[in-house]
Each structure stands twice: as C-alpha cells, then as structure tokens.
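Here the structure is laid out as structure tokens; the discussion comes afterwards.
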Amino acid sequence: MISFTDIGRSALMGLSSHKSRTFLTMLGIVIGILSIMVVMSLGQGANELILGEFQKFGPNNIFILPGRQPTGPSGAASTLLSDSLTQKDLSDLENPANVPEAVGVVPVVFGQQPMVYESQTYTAMILGSNQDIARLFALNISNGRFFDSNDVADRAPVAVLGATTAKELFGGNDPVGRKIRINNQILQVIGVLQTQGAGSFINFDKAVIAPYPIVQDNILGIKYFQRIVVEGSSPALVPAMIKDVTTLLRNNHNITDPSKDDFSIQTQASIAQTVGTVTSILTVLLASIAAISLVVGGVGIMNIMLVSVTERTREIGLRKALGATSGNILLQFLFEAAALTVLGGCIGVAGGIGVSWLVSFAANYWWGIAFPFVISVSGILLGVVVSGTIGLVFGIFPAWRAARKSPIEALRYE
Amino acid sequence: MSLIEIKKLIKIYSDDGVDTRALDGVSLTINDGEFVAITGASGSGKSTLLQILGCLDRSTDGSYTFEGKEVSSYSDAELARIRNEKLGFVFQSFNLLPRLSVLDNVVLPLVYAGVSKKERVERAEAMIDLVGLADRRGYQASQLSGGQKQRVAIARALVNNPKVIFADEPTGNLDSKSGAVVLEFLQMLNDQGRTLVVVTHELYVAEAARRTVHIVDGRIDSDQPVAHRRIIAKDGFIK
C-alpha cells in the first residue's frame with residue numbers, strides 16, 4: 001500500500017511541476033479571499049469612522065441648532081440660514097444661574113472665505129468661536145498659541161490656522177506673527193494647529209479659527225450663531241441640561257407652543273440615532289458587495305479548479321493503469337487542493353490585510369481622512385471558509401469523476 | 001495452468017444509446033512465457049481485447065480468468081492492485097507524465113506498490129540503465145525523443161517485475177530505427193521468460209512474436225504460431 005507521505009509527495013510534485021497552473025489556481029483563491037476581506041474590512045472601517053465621528057461629539061455635550069428640527073436635506077440646510085440664536089441667548093446660556101449643569105458654552109459661526117497672504121490665496125472655512133472650542137474638539141497647537149478669553153472679549157483681530165491652511169498660504173515659512181486678510185479684515189496669525197485629520201463635521205486642517213465677534217461683524221456680517229455647543233460635566237446631567245436650555249431659549253424667544261420651537265437640540269445619542277439609518281444602509285450595501293465578490297471569487301476558483309483538474313483526466317487514467325486506486329487519486333487531489341487553498345488562503349489573507357492597510361494609508365495621506373485600518377475577522381472567516389470549501393470541492397469533484405471512470409476511459413479522455 | 005483464459009468475451013460500448021459490439025464472443029488462452037501478437041484492422045476490436053486483458057476495462061459478458069481467478073469478481077481496488085503487481089503497460093502514445101523526470105516516471109508503479117523510497121529508486125535506476133538511458137535519468141520526460149520515451153515506458157512497465165506486459169502499438173509512433181530498438185527489447189524480455197501481449201496492425205511487429213491472433217469484427221479470425229519468426233537483433237527491422 002502506498003504511504004500517506006508518498007501521496008503527499010505526489011501532490012507536491014504535481015503542483016511544483018506545473019508552476020503556471022499552480023500559480024493561476026492559487027491566484028483564483030487569493031483574489032477570492034482578498035476581495036471579500038478587503039470589502040468587509042473597508043466596510044467595517046467606514047462604519048467605525050462614521051460612528052467614531054459622532055463619538056467625538058462627546059456624550060456630555062449638546063448641540064443647539066437654530067431653526068426647526070431638521071426633517072430632511074432641505075431642512076438641514078435651512079438651519080444654517082436661520083438667525084434665531086442670538087448674542088443674548090449666548091450670554092444667558094453662559095450664566096450659571098440659568099444652566100447650572102454647563103461647564104462651558106461654545107458658540108460657532110462659520111463660512112467659506114478666500115484668505116489672502118501676500119500673493120497667496122486659499123479658500124477655506126473661517127470659524128468664529130471662543131477659546132473653549134480648543135478644549136471641546138481637543139485641538140492642539142503645534143506653534144504659537146490659541147486665542148484666549150481676553151482676545152474674544154477685546155475683539156482681537158487674531159487667527160489660528162489649520163495645518164493645511166498654514167501650508168497653503170505660507171509654504172514652509174512660520175506663519176506666526178504674520179498677517180492674513182479675509183474679506184478685507186486683517187487678522188494676525190498667533191498660532192498653528194497640529195494636523196487633526198479630517199472626517200469630523202468640521203475639517204479643522206482646512207480652517208482658520210478666530211474669536212467669534214470679529215468673524216461675525218467684520219467677516220461674515222451676521223448677528224446670530226449657527227451652532228451653540230453646551231458642554232456638560234457628565235452624561236447623566238445631559239437631560240437636565242436639555243431641559244434648562246430649552247426653558248431658557250423658549251423664554252428668550254417668547255415661545256409657548258413647543259411645536260413652534262425655532263431651535264433644536266442634538267445630543268450624541270440623538271445624532272447616533274439619526275445616522276443609524278445611514279450606517280445600516282451602508283451595512284446592507286457592503287454585505288451585498290461582499291456577497292457579490294464572494295460569488296465572483298467562488299466562481300473564479302470553481303472554474304480554474306474544474307479546468308485544471310479536468311485537463312488531468314489522462315494523468316488520472318495513467319496513474320490508475322499503473323496501480324493507483326480511486327482512493328489514492330482522490331487523496332492526491334485532496335492534498336493538492338488543500339495545499340493550494342491553504343497557501344492561497346494565507347496569501348489572500350496577507351494580501352487582504354495589506355490592501356486594507358494601503359487603502360487606509362492612502363485615505364490618510366491623500367485625502368486626509370482618518371480612515372481606520374481594520375482587519376475584519378468575519379471577512380477573513382467568510383473568505384477562507386467559502387473560498388476554501390469551493391477550492392476543495394471543485395479540486396476534488398472533477399478528480400472523483402475522473403477516478404470513477406475505468407483507467408482506459410480516463411486515458412482516452414480529450 | 002494457463003495464465004490468461006477468456007471465454008466468450010463480449011464488450012459492448014454504449015454511446016448516446018447506440019450500442020457498438022467491439023468484442024463478439026472471443027475465447028482465448030495465453031500461457032506463461034508466450035509472446036502473442038494481436039493483429040487486425042483498426043476498429044476490429046484488438047485494442048479493446050488488450051484493455052480487458054490488461055484489466056484497464058471490464059467486459060460486458062463472458063469470463064476472464066487471470067492466474068485461475070475470475071477477474072469480474074475483483075473490486076476496482078483489487079484490479080488496481082493486480083495492474084500494479086502483475087501487469088505492465090506500454091502504450092502507443094507513451095503516456096509518460098511529461099513534467100516529471102525519467103526517474104520519477106519509472107518509479108511511479110513502485111510508489112503505488114508502497115515500496116520504500118530507497119529501494120524503489122534503486123530498482124527504477126536499474127531499469128533505466130537496462131533500457132540504456134542511464135544518462136537521461138534526471139531529464140524531464142518531455143525532453144526525450146519518441147524512441148527514448150518508449151524505452152522509459154518499457155522501464156516503467158518492467159519495474160514492478162510483472163507477469164505480463166501488454167503493449168498497444170508500441171512502435172506505432174516511432175521511426176523504424178527506434179521501433180527496432182523497442183521490438184528487440186520486447187523479444188529479449190520474452191526470451192527471459194516474460195509473457196508479452198502486443199497489439200499491432202503492422203505485419204513486421206507481428207512477425208517478431210511467437211504467435212499471432214488475428215481479429216476481424218470482434219471475433220478471432222485466425223490463431224496460429226508465427227512460421228518465420230524474425231529475430232530483430234539478428235535480422236534487423238525495416239518499416
């Protein structure tokens with residue numbers, strides 16, 4: 001009786017003596033596994049990225065938006081034009097007597113404006129706020145300083161540049177101390193932010209931040225705020241804080257009927273709920289793409305296996321003529337298919353990890369999106385199990401069919 | 001005791017519902033040490049007969065006893081073992097595994113016999129030396145000429161020390177010089193006592209045997225000893 005190692009050796013000899021066939025077959029498996037893995041890893045990464053953005057809001061904070069509760073894309077746009085949040089609202093919110101739970105109130109105004117330094121022009125977002133925005137969004141300074149409460153109170157014409165803005169306007173030079181012009185307002189640069197990475201609802205890298213009074217009056221020409229963020233001390237206090245803020249704003253705006261509120265309040269939880277729909281659509285989309293790549297990869301593996309094993313029908317006939325039993329033949333092809341799928345699987349998984357990493361790297365490098373590098377374990381499992389099973393089944397099935405024939409039938413096969 | 005005995009052997013091929021009667025009641029006895037040439041026109045059923053005798057195919061009806069045992073009673077695995085241990089094959093188209101070396105090709109039957117690695121390499125090398133290809137052991141089979149390939153095939157057929165060697169048109173794809181070498185070899189093996197069954201449609205191959213069985217339309221037309229046997233080593237061989 002032939003030994004197990006000899007069958008294994010025959011299988012390896014079969015693989016190594018037909019290198020291009022082995023390579024192509026393995027390629028089928030590699031691509032099958034790789035495509036599933038990459039799709040699932042990127043999908044998971046995108047999901048984490050989106051969810052992570054909303055985590056950044058912080059569970060302690062509430063966002064006050066002007067206008068009615070947004071009810072759709074046009075509703076969301078209308079909040080930007082609404083002018084219901086006033087300086088008085090801000091001052092009242094800052095008063096601890098009104099909202100005792102708040103530890104900070106951060107107003108936000110913003111608009112796209114061309115910024116000019118000497119002959120350089122760069123259109124970016126001008127963001128008006130107070131000193132607390134740095135803490136709220138964990139903005140770190142790489143050079144110079146952030147503006148403080150005195151700068152805000154004094155309407156100081158100072159600005160802090162995002163990393164990209166600084167690079168676009170000043171190249172390699174140090175911007176601190178120099179002056180830029182935005183909509184005829186001269187601002188002195190006092191600091192540059194570290195690269196924050198994009199993806200949050202504000203891209204700080206491509207922004208310029210200045211004290212809000214000067215931005216409101218001298219640059220954007222508005223009297224209202226587009227957002228007010230109220231920072232609480234703990235998530236447990238958020239409901240009480242919402243109640244206080246709502247009462248205060250209704251009083252200020254003379255609203256008695258809650259359905260006529262001209263502001264809305266968002267929390268991390270309410271935003272997560274809103275985007276839940278988006279992410280579930282994303283999940284369905286990704287699952288469909290993964291399923292399609294699974295089918296495409298599977299059919300690819302099936303084809304190459306069927307062809308490469310079927311073309312060896314004569315070899316099977318010869319081996320049987322020389323004394324191989326059907327069992328020997330099956331075992332040899334099982335070995336070959338297993339070796340191919342295991343090796344192809346390893347390469348596919350490694351390649352899948354590599355491609356996923358490359359995509360997240362490219363997203364960071366070229367588009368400045370902090371795309372997380374995720375290895376989807378379910379992607380690996382799904383890819384390896386499905387591709388492996390298909391590889392094994394279609395590596396053995398044609399061999400089984402050929403081994404069942406009489407040796408002479410298999411030998412005569414063309 | 002006769003080595004091979006068939007009685008009223010019938011083989012019917014069915015293809016898309018059309019039955020072809022390739023063998024139509026063939027009875028034949030072959031004894032140990034014989035050199036039988038099976039001749040006939042193409043389509044006469046001579047190759048079918050050889051394949052059934054060589055346990056590469058099963059008959060539709062009739063009996064076939066090999067070494068006194070009915071072959072139809074054997075399972076496929078038992079037939080594989082008989083092919084491996086008792087029979088050797090030489091095909092018209094050589095049927096070597098083209099990407100494997102000469103040595104790996106010749107070793108193949110011993111691998112399936114479960115012979116230890118050291119012993120099978122020794123035995124295979126001895127056979128390769130015997131057919132005069134000692135300097136070609138490491139060559140890929142595809143790198144050899146037709147005559148060399150057929151000598152490798154003979155070495156492979158011999159390596160398990162079989163009782164019978166079946167050859168189907170062994171010189172069919174060879175020029176006369178290579179054919180002469182192969183035939184000379186077969187005669188030498190027979191002289192050493194090995195039983196040979198050779199299918200051919202060529203007269204000069206049949207003349208090298210000791211007995212010819214002529215098949216016409218799936219039946220034995222004539223079965224007689226070769227009157228003027230040609231000894232290839234002495235008489236030469238012209239195609």
Side-chain angles (χ1 to χ4, degrees), chain A residues 1-25 308-336 399-414, chain B residues 11 13 15 22 47-48 50-59 75-101 103-117 120 140-142 153 156-157 159-160 162 166 168:
Chain A
M1 274 302 287
I2 181 169
S3 71
F4 210 61
T5 32
D6 278 330
I7 290 184
R9 199 178 285 133
S10 297
L12 290 184
M13 219 141 76
L15 291 178
S16 64
S17 62
H18 294 84
K19 292 201 172 58
S20 59
R21 186 179 69 201
T22 303
F23 171 76
L24 284 175
T25 314
S308 72
V309 177
T310 306
E311 76 168 16
R312 294 169 69 188
T313 303
R314 283 172 59 95
E315 179 189 332
I316 290 170
L318 175 72
R319 287 180 182 273
K320 286 193 75 176
L322 298 182
T325 63
S326 303
N328 295 156
I329 299 289
L330 276 185
L331 209 55
Q332 179 185 338
F333 279 82
L334 177 71
F335 254 99
E336 289 192 16
W400 172 77
R401 214 174 40 185
R404 251 183 1 151
K405 292 179 179 175
S406 76
I408 202 69
E409 255 184 292
L411 265 174
R412 267 201 241 108
Y413 184 87
E414 267 161 36
Chain B
K11 176 69 182 178
Y13 289 112
D15 193 20
S47 288
T48 303
L50 184 95
Q51 286 152 12
I52 292 173
L53 292 180
C55 302
L56 295 171
D57 206 353
R58 289 177 184 273
S59 61
S75 71
D76 282 350
E78 285 168 329
L79 281 185
R81 194 154 159 199
I82 287 182
R83 286 194 296 268
N84 183 251
E85 291 175 356
K86 312 260 177 170
L87 313 178
F89 297 97
V90 178
F91 301 96
Q92 179 175 3
S93 54
F94 322 129
N95 279 332
L96 302 178
L97 294 178
R99 302 293 185 92
L100 296 192
S101 70
L103 182 65
D104 286 333
N105 266 288
V106 175
V107 131
L108 222 45
L110 296 175
V111 171
Y112 287 113
V115 175
S116 77
K117 196 170 181 213
R120 69 191 184 220
Q140 270 195 4
S142 57
R156 184 180 64 190
V159 78
N160 258 5
F166 293 98
D168 191 352

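Quantities reported herein were computed from a predicted structural model and do not represent experimental measurements. Protein chains get the first letters and strands the later ones, always in sequence-line order, with residue 1 at the start of each.
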Testing the basics here: between A:Ala324 and B:Ala80, what is the closest heavy-atom pair and its distance to 0.1 Å? O-CB, 3.7 Å

About how many Å separate CG of A:Leu318 and CZ of B:Phe94, when rounded to the nearest 0.5 Å? 13.5 Å

Looking only at heavy atoms, what is the nearest atom pair of A:Arg314 and B:Ser93, with distance? NH2-OG, 4.1 Å

Shortest non-hydrogen contact from A:Ala321 toward B:Phe91: CB-CZ, 4.3 Å

Are side-chain heavy atoms of B:Asp57 and A:Glu409 found at a separation under 4.5 Å? no

Please look at B:Phe166 and chain A and tell me whether the side chain, the backbone, both or neither of the residue comes under 4.5 angstrom of a heavy atom of that chain. neither

Which region of A:Arg312, side chain (C-beta onward) or backbone (N, CA, C, O), has a non-hydrogen atom less than 4.5 Å from a non-hydrogen atom of chain B, or is it both or neither? neither

In terms of heavy-atom pairs under 4.5 Å with chain A, the winner among B:Asp76, B:Leu108, B:Leu79, B:Leu97 is B:Leu97

With rounding to the nearest 0.5 angstrom, report the CZ to OG distance, A:Arg412 to B:Ser47. 8.5 Å

Given that the side chain runs from C-beta out, which part of A:Arg9 has a heavy atom under 4.5 Å from chain B: side chain, backbone, both or neither? side chain

B:Arg58 portion near chain A, given a 4.5 angstrom heavy-atom threshold: neither

Between atom NZ of B:Lys117 and atom CG of A:Asp6, what is the distance when rounded to the nearest 0.5 Å? 8.5 Å

If you count heavy-atom pairs under 4.5 Å between each of B:Ile82, B:Asp104, B:Leu87 and chain A, which one has the most? B:Asp104

Under 4.5 Å heavy-atom distance to chain B, tell me which part of A:Leu411 shows up: side chain, backbone, both or neither. side chain

Inspect the surroundings of OH in B:Tyr13 and state if more than 12 heavy atoms from other residues, nucleotides or ligands are less than 6.0 Å away. yes

Distance, nearest 0.5 Å, that separates CD of B:Glu78 from OG1 of A:Thr325: 12.0 Å

